[in-house]
Structure formats: C-alpha cells, structure tokens
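All values derive from a computational prediction rather than experimental measurement.
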Amino acid sequence: MKLRWSRLLTTLPAVALAAGLTTSPVAAAHPPATALPGKPLGLPLPTSFSSAPRGPLGLPLLKSSAAGTPRHAPWAATVSSGWNDFSCRPSARHPRPVVLVHGTLANSVDNWLGLAPYLVARGYCVFSLTYGQLPGLPLVGGLGPIDASAEQLAVFVDRVRAATDSRKVDIVGQSQGGMMPRVYMKFHGGRHKVHTLVGLAPDNHGTDLHGLAALVDIAPIKQTLHTLTPGLIQQKAGSPLLRRLNAGGDTLPGIHYTVIATKYDEVVTPLGSEFLHGPHVHNILIQHLCPVDVSMHASIGLIDRIAFHETANALDPAHAIPTTCASALS
C-alpha cells in the first residue's frame, strides 16, 4: 500500500506520544476563524538531499543557509544568507527578529526546512534553537522539563536581541513550540521581550490524543514518563504545568497572539484545544481559509504554504494580504 508522505509526517508524532515518546495539544473547543491577511511567496525545498544526514522526521538535516537556493528563483535575490545568521540586522519593514521554536522530537533545523527560508526570502532575520534535549538523544529536542526548556529559550532570545540590537522578538512555534514560549513569557522573564507569538498547531491546553493519553495515568507509565521524558507528560491535558500556565487567563497584556490550527490534527485533540482566549488573539482554522487544505499536525508547520502565508500575515499585519487556496502557489 502506498503511504502518503503528509500522513507519514504526521503519524510519527502521534505514534510516539501514544508509545510514551511524543506530545501535543487539547482542551476547550471554540473553533473560530478570523484571519489576518498576509503576503505571498512560495519556496521549493532544495532538491539535492541524497547525501544529507537524516533527522527524526526522516528529512535531511541541512545547514540552515540558502546555499542550495536555485539562483533562477524569483525570490533568490533577496536571500543573501540563511537563518541563524547573527550578523543579520532587521530592516525598517521587519524591525523584529523572528525566533522559531520547534515541536517535540524535532530540532532547530528539521522543523523549519520550509518556513525558515520562506521568511528569510521575505527579508526577516530568522533564528532557531534546539531545546529540551536529553542525554543520548542529540538530534531531537522537546523532551526535557518544559520550565527548563523555557529557560533555554530565554537565554537564546536574549542572545538574538543582543546580536540584532532589538528590544523585542517575534516567536513562531510548532506544537510544543507554540505553547512553551507562553511558559517563558509568563514565568521566565519573557513578557516584555516578545511582541507577537504565532502558534502552529500548538498544544496550549494539552492533548488527550483521542483518549489515548488516559493511558499515561497508569502508575508505572506515569512514573516512567515523568522520570525519562518529563516534557511529554507535561503536555497531557490537565497536567499541573498546563493548569499553572492557563490559570488566570490564556494571554498576557501587550502581546499579540495568533493560533493556526487544522481540523485534521491527529495529535492535538480535541479540535479547539489549540486556541487561546483573550485580547489580541486571532484563532485561525486553516480550512476556513482554504477548505481543501488537508494538512495534519506536523505538515502544517513543515510544508503548508497556506499556513506560512498566514504566519507572515501575523508577523506583518500592516502589509497583510488575504490568505486563500491560491496562496499555496504564490
């Protein structure tokens, strides 16, 4: 039987969490959809991947640069270097650097092979980190205690701010990477250092993984996960960390939030647990912008140009262009 690539990408995290090796979101449901318009520009992935080492999603672990960019591409002239270029200086149009925060079992490169070059091509200074690594697992992150991961993000954000001479950054996060920055902002000094947070299928209220997360409550499993992979168990709906994070409201004053979700998310369940409630929040169901978009949990942040387009809208609302199905081709 032929296995669809998009389904493979999104099945791996679900299988991992069910086996005690993954995570994502769930909670209360309000699937609203107001889209902030944005700006198009597509980006094909490089084609010479045969000799590259492979990451946890089966994708090549590439150096975060534009060295492989086809020079005939219409956007190539705007790309002089890749992301994580600490000599990059934000422009007047995009005055804040963008920090990309990967999801569980991913890293600073493989999660962003599509979106990072997409944003660099639009003139952003883009940076990414790997956080939450455990001993013996050098290629994947997001498994360590979430408060410790938030402290790692705090150090990285300060490094980016200092290098770019910027007072604030914008953060774009996938899955755990869309939720963990809220821990950073609320408990680890990030409240006044972040202007915009964009979450791609974030687990803001935890996940029940279609009911499978209840297995975590079995004492031996719970103790094992808490000891070996605390970052996983903390993403279960109703965990102490998530209760602490969402106590008193989902949002903080002065920060702009955008959540981009897909109704085909098989990891963050039930639908609506991704969404935030409070001022300066835009909750977007991607199928309200393009009904034929079939992205699942991992692919919405990895290859979905409609989600990329809406991310660009959230980062630059002053120059936003409405997102439609045609945005996938631009």
Side-chain angles (χ1 to χ4, degrees), residues 9 12-25 52-65 82-84 86 98-113 115-116 126-160 163 169 171-185 187-190 199-203 206-207 216 221-236 239 241-242 245 267 297-298 301-302:
L9 287 177
L12 287 177
V15 171
L17 181 52
L21 294 177
T22 245
T23 118
S24 264
R54 298 278 162 174
L57 293 181
L59 290 168
L61 286 175
L62 303 181
K63 181 181 178 182
S64 51
S65 75
W83 78 94
N84 276 339
F86 281 85
V98 177
V99 174
L100 303 178
V101 186
H102 64 76
T104 305
L105 289 174
N107 60 47
S108 64
V109 176
D110 68 5
N111 206 139
W112 306 118
L113 291 172
L115 182 57
V126 179
F127 303 87
S128 63
L129 78 159
T130 300
Y131 67 89
Q133 291 171 289
L134 296 178
L137 294 173
L139 295 181
V140 299
L143 296 173
I146 290 177
D147 277 295
S149 295
E151 291 173 354
Q152 292 173 345
L153 177 59
V155 171
F156 189 79
V157 166
D158 284 346
R159 180 186 174 198
V160 169
V169 303
I171 294 178
V172 179
Q174 161 84 25
S175 191
Q176 180 187 166
M179 174 273 291
M180 182 271 282
R182 296 178 53 225
V183 177
Y184 156 61
M185 293 187 296
F187 302 116
H188 298 280
L200 301 168
D203 52 349
T207 183
V216 171
I221 296 177
K222 187 173 184 177
Q223 292 168 1
T224 299
L225 289 180
H226 183 76
T227 301
L228 299 180
T229 56
L232 293 180
I233 197 169
Q234 288 179 314
Q235 293 178 79
K236 179 180 178 290
S239 74
L241 177 129
L242 289 171
L245 173 61
V267 176
H297 182 74
L302 185 63

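Note that the OG1 atom of Thr130 and the CZ atom of Phe156 stand 9.0 Å from one another [nearest 0.5 Å]. Atom-to-atom distance recorded for Gln176:CD and Ile146:CD1 is 4.5 Å, nearest 0.5 angstrom. Atom NE2 of His188 sits about 9.5 Å away from atom OG of Ser149, to the nearest 0.5 Å. Between the CG atom in Leu100 and the CD1 atom in Ile171 there is a gap of 10.0 Å [rounded to 0.5 Å]. Taken from NE2 in His102 to CG in Leu200, the straight-line distance is 14.0 Å, to the nearest 0.5 Å. Rounded to the nearest 0.5 Å, atoms CG (Leu302) and CH2 (Trp112) are 9.0 Å apart.
Annotation: side chain of Met179 is in contact with side chain of Leu242 (closest heavy-atom distance under 4.5 Å). Side-chain contact check for Tyr131 versus Val101: some heavy-atom pair is nearer than 4.5 Å. Using a 4.5 Å cut-off on side-chain heavy atoms (C-beta onward), Ser128 and Val109 make no contact. Inter-residue side-chain proximity for Thr207 and Lys236 is flagged as unmet; no heavy-atom pair is nearer than 4.5 Å.
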Could you pull out every donor-acceptor pair under 3.5 Å between side chains of residues 133-144 and any protein atom, sequence neighbours left out?
residue	atom	partner	partner atom	Å
Gln133	NE2	Pro138	O	2.7

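Counting all heavy atoms, side chain and backbone alike, Leu115 lies closest to Gly301 at CB-O, 4.3 Å. Shown here for Ala163 and Phe86, the closest heavy-atom pair between the two residues is CB-CD2, 3.6 Å. Taking each heavy atom of Phe187 and Leu245 in turn, the nearest pair found is CE1-CA, 4.0 Å.
Asn111 places no side-chain N or O within donor-acceptor distance of the main-chain N or O of Gln174, the cut-off being under 3.5 Å.
Tyr184 is linked by a ring pair (Phe, Tyr, Trp, His ring centres under 6.0 Å) to nothing, counting only residues two or more places apart in sequence or in another chain.
Within the structure, the salt bridge (charged side-chain N to carboxylate O under 4.0 Å, His left out) test picks out the following pairs touching residues 130-148 (sequence neighbours left out): Asp147-Arg244.
Between Gln234 and Ser239, the side chains place no donor N or O within less than 3.5 Å of an acceptor N or O (distance only, hydrogens not considered).
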